[in-house]
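I have placed the structure first, in the form of structure tokens, so that the comments after it can refer back to it.
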Amino acid sequence: MTTDRPAPDGTRLGELWRILPEEATANADGVLEIGGVAVTELAERFGTPLHVYDETGLRRQIRRFIDGLRERWPNSDVLFASKSLPAVGMYRLAQEEGLAVDIAGGGELRLALAAGVDPERLYFHGNAKTDAELRMALDAGIGAIIVDNDDELDRLERLLDRPQRLLLRVIPGVEAKTHASQATGGQNSKFGLPIDQAARAIARMQAHPLMRFEGVHLHIGSQILDVAQFAEAVEKISGVGTFGTYDVGGGLGIAYTYAEEAPEVGAYLDAVVAAARAHLPADAKLMIEPGRSVVARAGVTLYRVTTVKRTGRTFVAVDGGLADQMDIALTQQRYEAILADRLHEPWTESVQLVGRQCESGDLLVDGAPMPSARVGDLVVMAATGAYAYTMSNNYNGALKPAIVFAREGDARLVARRESYDDLLATHAPAMAGAEALA
């Protein structure tokens, strides 16, 4: 890990380094570098907006989960919750580092297979899987399906023509301390079955000649900073019964802001494994599903300032916005941002960092401290590695940004920027009709 991390007077840059990627540094000119590559070079080569990932830090974080869990509970596996970054390059990296992969739809299945992920290492989630998606998964030889409900069992009874490994998602009854949209373990969750209904579904699977029921799954939510809640969920799930596998989900949170303190991976694993030792069979397989806590800190979003307006307030507008940072509007998550090509300068203003979409709600950071901004400056939003790309959209005709992995001074394109031709491609039927009328 590199150490050129200044803390100039009049800034909070010294505190921000723990939120920026592990391999983030400042060069002599006061320009932020990610993985040894200056953001000025990244903007010139790949354009903005741009999702940039510290590949070394990303791989290091994966090893913390895999090696840490294996040391504490040898019969274990770590699944990457791929909805946090469903990109072929990320699926391939996950495969290289030994992660199994959690998918939640036909598109994620296709992306993972395109990346070369071993189908046996794929676990299929979802509360409303269709016949077509289940058929795709079965044809691919997927490792396991996490069954959510009785209707899904009906579908599997129709579709199965050979043995298939299954887990059952159970509602643990833990109200996660997180945003309401990210809580999934309470009694009113749309995911899984309550314990009494779970027992009947398990008996049904155990009685079927082609259903290979292996164990239970739970997930209490996302962006959880209290590790005691994970331990509570493990204790609750033990009451469902004694099985060969317990998948206790993911949800470990990260520090997005100066004010937040996130648990270290080791503290999270200690809590989960201590609960497993106390409540689960010693020979059971233990699985976890980190997503956000794998990719969020490793990724930043790079923008260029297009407008600075000092009216009632100071507005600094960039060339992206709501279309590539939807999670801000959904969860009201606070992020931190910096002028990434002027790191050595004091932060003299508090600005409204806004995007270019035609919504007043397109506010990226409320009260972002930074030097007096100028058109052309580069802005980095920290800790946007999870869900930003996932939720990117075409609001106001915006194009989905590219993804770059940076490592040891080299940057490689992982996903190219969407083009206007891409944007128009799905509208070809209407365009053909217009041509015919002409």
Side-chain angles (χ1 to χ4, degrees), residues 1 18-19 21-23 53-87 89-104 108 112 115 117-118 121-123 125 143-144 146 167 176 217-231 233-234 245-256 261-277 280 284-299 383 385-387 405 407:
M1 189 183 302
R18 70 180 179 86
I19 301 171
E22 293 183 29
E23 296 296 321
Y53 285 83
D54 160 22
E55 184 175 346
T56 298
L58 181 53
R59 291 179 183 272
R60 188 184 292 132
Q61 182 76 339
I62 291 170
R63 298 314 316 173
R64 290 186 183 112
F65 278 104
I66 294 176
D67 298 340
L69 183 58
R70 187 174 296 143
E71 289 167 4
R72 292 166 172 83
W73 193 282
N75 185 15
S76 62
D77 209 352
V78 180
L79 283 59
F80 170 54
S82 71
K83 65 179 182 177
S84 60
L85 182 57
M90 183 60 207
Y91 284 113
R92 183 165 295 158
L93 188 150
Q95 168 98 343
E96 291 169 357
E97 291 296 333
L99 287 168
V101 175
D102 151 5
I103 58 171
E108 290 181 4
V117 176
D118 180 357
R121 300 286 286 157
L122 293 175
Y123 290 74
H125 282 274
I146 292 82
L167 300 176
H217 168 274
L218 68 88
H219 183 65
I220 62 173
S222 187
Q223 187 51 18
I224 297 167
L225 302 177
D226 179 2
V227 297
Q229 291 213 287
F230 298 110
V234 173
T245 298
Y246 295 84
D247 183 338
V248 298
L252 178 63
I254 70 146
Y256 282 104
E261 293 288 340
E264 296 290 336
V265 172
Y268 160 74
L269 294 176
D270 285 344
V272 168
V273 171
R277 287 179 180 142
L280 302 183
K285 185 173 185 177
L286 181 64
M287 301 196 301
I288 60 173
E289 299 176 353
R292 181 191 309 269
S293 54
V294 170
V295 298
R297 183 186 174 188
Y387 298 103
F405 282 2
R407 181 182 187 185

Report task. Hey, could you give me the CE/OG1 distance between Met287 and Thr245, rounded to the nearest 0.5 Å? Result -> 5.5 Å

Report task. Indicate the atoms forming the closest heavy-atom contact of Phe405 with Gly89, along with that distance. Result -> CE2-O, 4.0 Å

Requested in this report: Using modelled atom types only, decide if a donor and an acceptor are shared between the side chain of Glu23 and the backbone of Arg407 within a distance under 3.5 Å.
Outcome: no

**Report entry** Flag side-chain contact, heavy atom, 4.5 Å: Lys285 against Trp73
**Finding:** no

Query - Note, Arg72 side chain near Asp270 side chain (heavy atom, < 4.5 Å) - result: yes

**Report entry** Reported CG-to-CG distance for the pair Leu93 and Leu58, which is rounded to 0.5 angstrom
**Finding:** 5.0 Å

Query raised in the report: Is any side-chain heavy atom of Arg121 closer than 4.5 Å to a side-chain heavy atom of Val101?
Result: no

Query raised in the report: Should the pair Glu264-Arg64 be classified as a salt bridge under the 4.0 Å nitrogen-to-oxygen rule?
Result: no

**Report entry** Side-chain heavy atoms of Tyr268 within contact of Ile288, under 4.5 Å
**Finding:** yes

Query - Carboxylate-amine/guanidinium contact Arg59 Glu55, below 4.0 Å - result: yes

Requested in this report: Looking only at non-hydrogen atoms, find the nearest pair between Leu252 and Pro263 and report the distance.
Outcome: CD1-CG, 4.0 Å

Query raised in the report: Nearest 0.5 Å, what's the CG-CD1 distance between Leu99 and Ile62?
Result: 5.0 Å

Requested in this report: Measure the NE2-CD distance between His219 and Glu289 for me, rounded to the nearest 0.5 Å.
Outcome: 7.5 Å

Requested in this report: Of all the heavy-atom pairs spanning Asp102 and Ser82, show the shortest one and how long it is.
Outcome: O-OG, 2.7 Å

Query raised in the report: What are the two closest heavy atoms between Gly250 and Phe230, and how far apart are they?
Result: O-CE2, 3.3 Å

Query raised in the report: Do His125 and His217 have ring centroids that are under 6.0 Å from one another?
Result: yes

Query raised in the report: Taking C-beta and beyond as the side chain, do Val234 and Tyr246 meet within less than 4.5 Å on heavy atoms?
Result: no

Query raised in the report: Could you give the distance from CD (Glu108) to OH (Tyr91), rounded to the nearest 0.5 Å?
Result: 4.0 Å

Query - Exam field: side chain Tyr53 to backbone Gly385, donor-acceptor pair closer than 3.5 Å - result: yes

Query raised in the report: Which pair of non-hydrogen atoms, one from Gly68 and one from Leu269, has the smallest distance, and what is that distance?
Result: C-CD1, 3.6 Å

Query raised in the report: Just by modelled atom types, is the Ala255 backbone N or O under 3.5 Å from a matching donor or acceptor in the Arg297 side chain?
Result: no

Report task. Identify the heavy atoms of Tyr256 and Ile19 that sit nearest to each other, and give their distance. Result -> O-CG2, 3.8 Å

Requested in this report: Apply side-chain contact (heavy atoms from CB on, under 4.5 Å) to Gln95 and Asp118, showing your working.
Outcome: CA-CA 8 Å; Gln95 168 98 343; Asp118 180 357; 4.1 Å; yes

Query raised in the report: Between CD1 of Ile254 and CZ of Arg292, what distance do you get to the nearest 0.5 Å?
Result: 7.0 Å

Query raised in the report: Under 4.5 Å between any side-chain heavy atoms of Val265 and Ser293, yes or no?
Result: no

